[in-house]
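Heads up: numbering here begins at 1 and tracks the sequence. Computed from a predicted model, the values in this text were never measured in an experiment. Indexing begins at 1, ligand by ligand and atom by atom, following the structure's order.
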Amino acid sequence: MSSTENFINHLLAQMTLEEKLGQLNQSYPHENFDPELLRQGKVGSLLNASGALTGQGFSESSSAEVCNHFQRLALEARLKIPLLFGRDVVHGYRTVFPIPLAQAASFDPELVEEAAAVAAREARAEGIRWTFAPMVDIARDPRWGRVAEGAGEDPLLGARIAAAAVRGFQGNDLSRPDTVVACAKHFVGYGAAEGGRDYESGEMSEATLRDIYLPPFESAVRAGVGTIMSAFIDLNGIPATANRRLLTDLLRGEWGFDGFVVSDWNSVAELVSHGVAEDRAHAARLALYAGVDMDMVSGAYLDTLAESVRNGQVPIEEVDEAVRRILRIKHRAGLFENPYTDPQRAARDLLTDRARQLARRMACRSMVLLKNKGDILPLQNFRRILVAGNFVHARGELYGTWSPDGRAEDATPLHEALRQTAPRGTELLFALNDDRAFHLAHRADVVVLVMGEHPIRSGENANVSDLGLPPGQAEFVEMMAGLGKPLVLVVFAGRPLAITRQVALADAVLYAWHPGMEGGAALGEILFGQESPSGRLPITFPRATGQIPIYYNHKNSGRPVSPQGPFATRYLDLPSTPLFPFGYGLTYTTFEYANLRVGSEVLRGAIEVSAEVTNTGSRSGRELVQLYVRDLVGSRTRPVRELKDFRHVELQPGETRRVTFILREEDLAFTRADGTRGVEPGTFHVWIAPDSQGGLRGEFVI
Ligand code: GLC
């Protein structure tokens with residue numbers, strides 16, 4: 001038996017029932033928190049948060065001193081089991097990177113991994129040993145505030161980013177001093193909350209669950225994620241926190257996950273309000289039996305499980321197994337050897353120049369150019385530029401949701417950053433979205449509007465019923481467009497917004513998301529041409545809120561969309577296509593795709609698919625070449641497109657390169673009508689494409 005297992009079993013054998021339940025209990029230093037509980041061994045983990053809305057910035061920072069203080073108390077307990085300090089380090093710690101949805105737009109898992117590694121090193125320097133990230137929930141409904149935190153709508157992109165984030169946070173040795181335990185959340189289906197309303201219930205078929213929502217979690221498990229967090233959601237009538245089929249049979253039985261499961265905030269006790277538990281004791285029994293090892297802040301485990309064990313309702317073996325899983329992760333994280341943090345580390349490890357440069361690079365790679373009529377961008381032919389809008393002085397507003405350790409003062413205000421990156425001789429004028437902007441515009445050669453949603457409108461339970469620009473902003477855009485000046489619109493948001501009218505009015509539209517602390521400089525580098533935009537949409541942009549749900553990998557239906565068909569699926573008042581499709585994005589040059597080659601007519605094992613990509617413009621550029629398939633006939637209806645691979649190519653003007661993908665038979669597996677997973681014979685279409693709607697199409701059979 002390994003030394004870790006010997007260590008765990010030896011420790012477990014000494015533990016009283018109360019001490020065991022203490023390890024299953026996660027608390028947080030709220031105003032009524034009693035530190036005596038630490039000395040009594042009744043807390044296994046502390047969540048550095050000041051409340052349930054830590055993501056909305058309401059949470060004082062952690063620090064090595066704070067963690068060391070609580071750790072000293074915990075190590076006064078009889079068995080000296082160290083605390084595991086957890087915190088939401090979602091897209092950076094003190095160096096704040098673009099929000100995860102923006103990072104997904106980079107389609108650059110390596111960059112995501114680098115950013116997570118920086119976040120881990122910084123968090124660890126202040127005593128954090130466990131982050132509640134990556135959030136890997138597939139999201140098809142941008143009304144949901146938490147669409148900001150994930151990787152969008154696609155299972156392949158989500159899976160690659162999930163694995164990259166886990167590798168970045170955890171490295172290849174959890175005991176190293178620059179790693180933290182990661183947590184793939186929220187298991188599972190949380191993004192399917194009805195109406196995009198957080199905490200609502202959700203319904204989906206087993207096939208959709210397995211083919212769309214589970215792949216990012218499986219990818220995180222294969223990457224060795226140390227923990228999983230159960231979701232608030234009632235999925236198909238079974239709350240995720242009480243779902244043994246998913247938390248134990250699938251997660252551990254099918255996938256072999258060997259870390260531990262933590263419930264989301266108070267979700268154990270909330271099984272009572274879900275109506276599946278009569279009281280907290282019943283809720284605790286259900287959650288433990290389902291496979292939730294640690295109870296986040298409800299206290300139900302600590303308060304009720306001793307009685308449930310003593311009266312025979314809960315076998316002690318269930319408690320012991322949960323304790324083992326938690327002790328195993330603590331041991332792997334090196335907590336027993338190194339429970340404390342050197343307070344000197346922070347000064348050295350936080351907010352380094354390298355970290356800032358990486359944040360800027362990620363912000364550049366995340367921004368998506370949606371329109372560029374007449375190549376108005378980059379702004380190289382305008383001397384006097386008006387920059388106006390509610391983001392003109394943005395600092396902390398650039399950070400987005402879930403950045404509790406970011407400090408606004410660390411960011412250069414947007415207007416200042418633009419001033420620093422503008423070419424010599426450019427005169428910049430600045431205004432908010434007000435009358436002054438209107439008057440200054442008359443003097444300007446071009447107007448750049450910097451608009452969008454404040455981060456408080458993004459994140460947990462920040463759901464909106466209307467995907468238009470926030471109140472008053474559409475009117476401002478309309479007014480400024482009426483001046484007839486060349487108009488560039490830059491949108492800051494944590495979700496796709498239905499900016500159909502604004503796209504029609506503007507000459508160019510750049511989607512900046514919430515780009516993090518270096519977002520101002522990144523915007524300047526793109527607007528003035530030092531960098532070319534290369535982001536692509538990780539989520540479909542709807543024309544209007546009423547189109548939701550709309551996503552690229554939809555089914556064909558019996559009456560598919562067709563311009564002329566009177567019975568084709570459609571709206572009377574809106575085209576059936578999205579405003580912008582998944583995978584879409586422009587850059588400052590153009591690319592052409594030619595000479596598709598499909599390695600053979602019949603796929604046996606694997607097949608090569610390639611095409612030539614040519615930079616037909618006058619500037620170098622970075623293109624995301626995408627591989628899609630369609631299974632034409634299946635025992636169950638199949639999506640009209642499925643992303644199966646993607647790769648960037650950097651091409652000089654005039655340069656042509658053949659891009660080759662290898663498509664393996666197992667890549668084509670899906671949940672068949674009989675519920676089994678596998679590949680079915682038949683004809684497939686295959687595309688090499690610049691987005692999920694265009695590209696060169698070929699064919700092969702299995
Ligand atoms: C919140 C979130 C979860 C977060 C946890 C701790 O409610 O749902 O993502 O990790 O509580 O802050």
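The ligand atoms of ligand 1 that sit less than 4.0 angstrom from a heavy atom of Phe232 are 7 (O), 8 (O). Distances below 4.0 Å separate heavy atoms of Phe132 from the following atoms of ligand 1: 10 (O). Near Lys185, meaning under 4.0 Å from one of its heavy atoms, ligand 1 places the atoms 3 (C), 4 (C), 9 (O), 10 (O).
Proximity annotation for atom 10 (O) of ligand 1: of Asn48, Asp88, Asn461, Val262, Asp88 comes nearest, heavy atoms only.
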Item to check | Chi angles and distances behind the salt bridge (Lys or Arg N to Asp or Glu O under 4.0 Å) call for Arg245, Glu206 | outcome: CA-CA 12 Å; Arg245 183 178 75 86; Glu206 182 73 7; 2.8 Å; yes
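Taking only nitrogen or oxygen atoms, main chain and side chain alike, Trp402 does not reach within less than 3.5 Å of ligand 1. The N/O atoms of Arg146, backbone and side chain alike, include one that comes under 3.5 Å of an N/O atom in ligand 1.
Within the model, atoms CZ of Phe132 and SG of Cys183 stand 6.5 Å from one another, a figure rounded to the nearest 0.5 Å.
When each of Asp154, Ile212, Thr540, Val147 is paired with Arg140, the side-chain contact (heavy atoms from CB on, under 4.5 Å) condition holds for Ile212 and for no other. The only option from Phe232, Trp265, Tyr190 that meets the ring-ring contact (aromatic ring centres under 6.0 Å, His included) definition with Tyr199 turns out to be Phe232.
Arg87 does not count as a contact of ligand 1, since none of its heavy atoms falls under 4.0 Å from the ligand. Remark: distances from the non-hydrogen atoms of Glu149 to ligand 1 are all 4.0 Å or more.
Within the 6.0 Å centre-distance limit, the rings of Trp130 and Phe260 are counted as a close aromatic pair. With ring centers used as reference points, Phe217 lies 6.0 Å or more from Trp255. Ring to ring, Phe541 and Tyr511 are close: their centroids are under 6.0 angstrom apart.
When heavy-atom distances to ligand 1 are checked against a 4.0 Å cut-off, Met135 has no atom that comes that close, whether in backbone or side chain.
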